[in-house]
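Some notes on the structure that comes next.
Below, all heavy atoms of this structure are taken into account, side chains as well, without hydrogens, waters or symmetry copies. Predicted model only: the values in this text are computed from it and were never measured. Just so you know, residue 1 is the first one in the sequence shown, and it goes up from there.
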Amino acid sequence: MKIKLAGNKISNFGELFQLGQSVDAEIIGYIDHKIDAYEIMIDGKPTGRPFFPVSNGIDSKGNKYLICTEGNNTNKLYAFKSELAYVGD
């Protein structure tokens with residue numbers, strides 16, 4: 001799915017991604033927001049996989065996401081639905 005990178009910064013891999021860029025990302029889970037933290041969930045369970053945040057993002061319908069790589073592999077991006085993701089004004 002096409003998701004536009006949004007928010008106030010690129011967290012990791014800034015040499016490859018920029019705010020406003022549309023990227024292809026596979027939606028595979030959601031963010032379970034905690035006080036001062038969050039947990040990445042897939043199929044309703046915490047994942048043990050090493051996801052690195054790239055940026056927040058927004059799709060054409062206004063849904064918000066956290067966009068990540070799995071480890072250092074930047075060839076594929078993953079999206080996790082996140083109601084609290086900051087995507088700008």
Quick check for you: to the nearest 0.5 Å, what is the distance between [X] atom [atom1] and [Y] atom [atom2]?
X: Leu16; Y: Gln21; atom1: CG; atom2: CD; answer: 8.5 Å
X: Asn73; Y: Phe52; atom1: CG; atom2: CZ; answer: 11.0 Å
X: Ile67; Y: Phe17; atom1: CD1; atom2: CZ; answer: 10.0 Å
X: Thr69; Y: Asn12; atom1: OG1; atom2: CG; answer: 7.0 Å
X: Tyr78; Y: Ile27; atom1: OH; atom2: CD1; answer: 13.5 Å
X: Ser60; Y: Ile3; atom1: OG; atom2: CD1; answer: 9.5 Å

Answer yes or no: is there a side-chain heavy-atom contact under 4.5 Å between Asp24 and Lys2? yes
Close side-chain approach of Leu77 and Phe13, heavy atoms under 4.5 Å: no
Ignoring hydrogens and geometry, is there a side-chain-to-backbone donor-acceptor pair from Asn56 to Ala85 under 3.5 Å? no
Is it the case that the side chain of Ser82 and the backbone of Lys64 share a donor-acceptor pair, with hydrogens and angles ignored and the cut-off at 3.5 Å? no
Looking only at heavy atoms, which two atoms of [X] and [Y] are closest? And how far apart?
X: Met41; Y: Phe80; result: O-CD2, 4.2 Å
X: Arg49; Y: Ile42; result: NH1-CD1, 3.8 Å
X: Gly57; Y: Val87; result: O-CG1, 3.5 Å
X: Pro53; Y: Cys68; result: CA-SG, 3.8 Å
X: Leu19; Y: Gly7; result: CD1-O, 3.9 Å

Distance-only polar pair, side chains of Asp59 and Tyr65, donor-acceptor under 3.5 Å: yes
Answer yes when Lys76 and Glu26 have at least one side-chain N-carboxylate O distance shorter than 4.0 Å, and no when they do not. yes
Do you reckon Ile58 sits in the same ILVMFWY cluster as Val23, going by side-chain contacts under 4.5 Å, direct or chained? no
Applying the 4.5 Å side-chain criterion to the ILVMFWY set and letting contacts propagate, would Leu66 and Ile28 be lumped into a single cluster? yes
Please report the C-alpha distance between Lys81 and Asn63 in whole Å, then the side-chain angles of each, then the deciding distance to 0.1 Å, and finally whether the side chain to side chain donor-acceptor pair (under 3.5 Å) criterion is met. CA-CA 7 Å; Lys81 192 156 184 152; Asn63 296 312; 3.2 Å; yes
Checking one residue: Leu84. Which other hydrophobic residues are in its cluster under the side-chain 4.5 Å linking rule? none
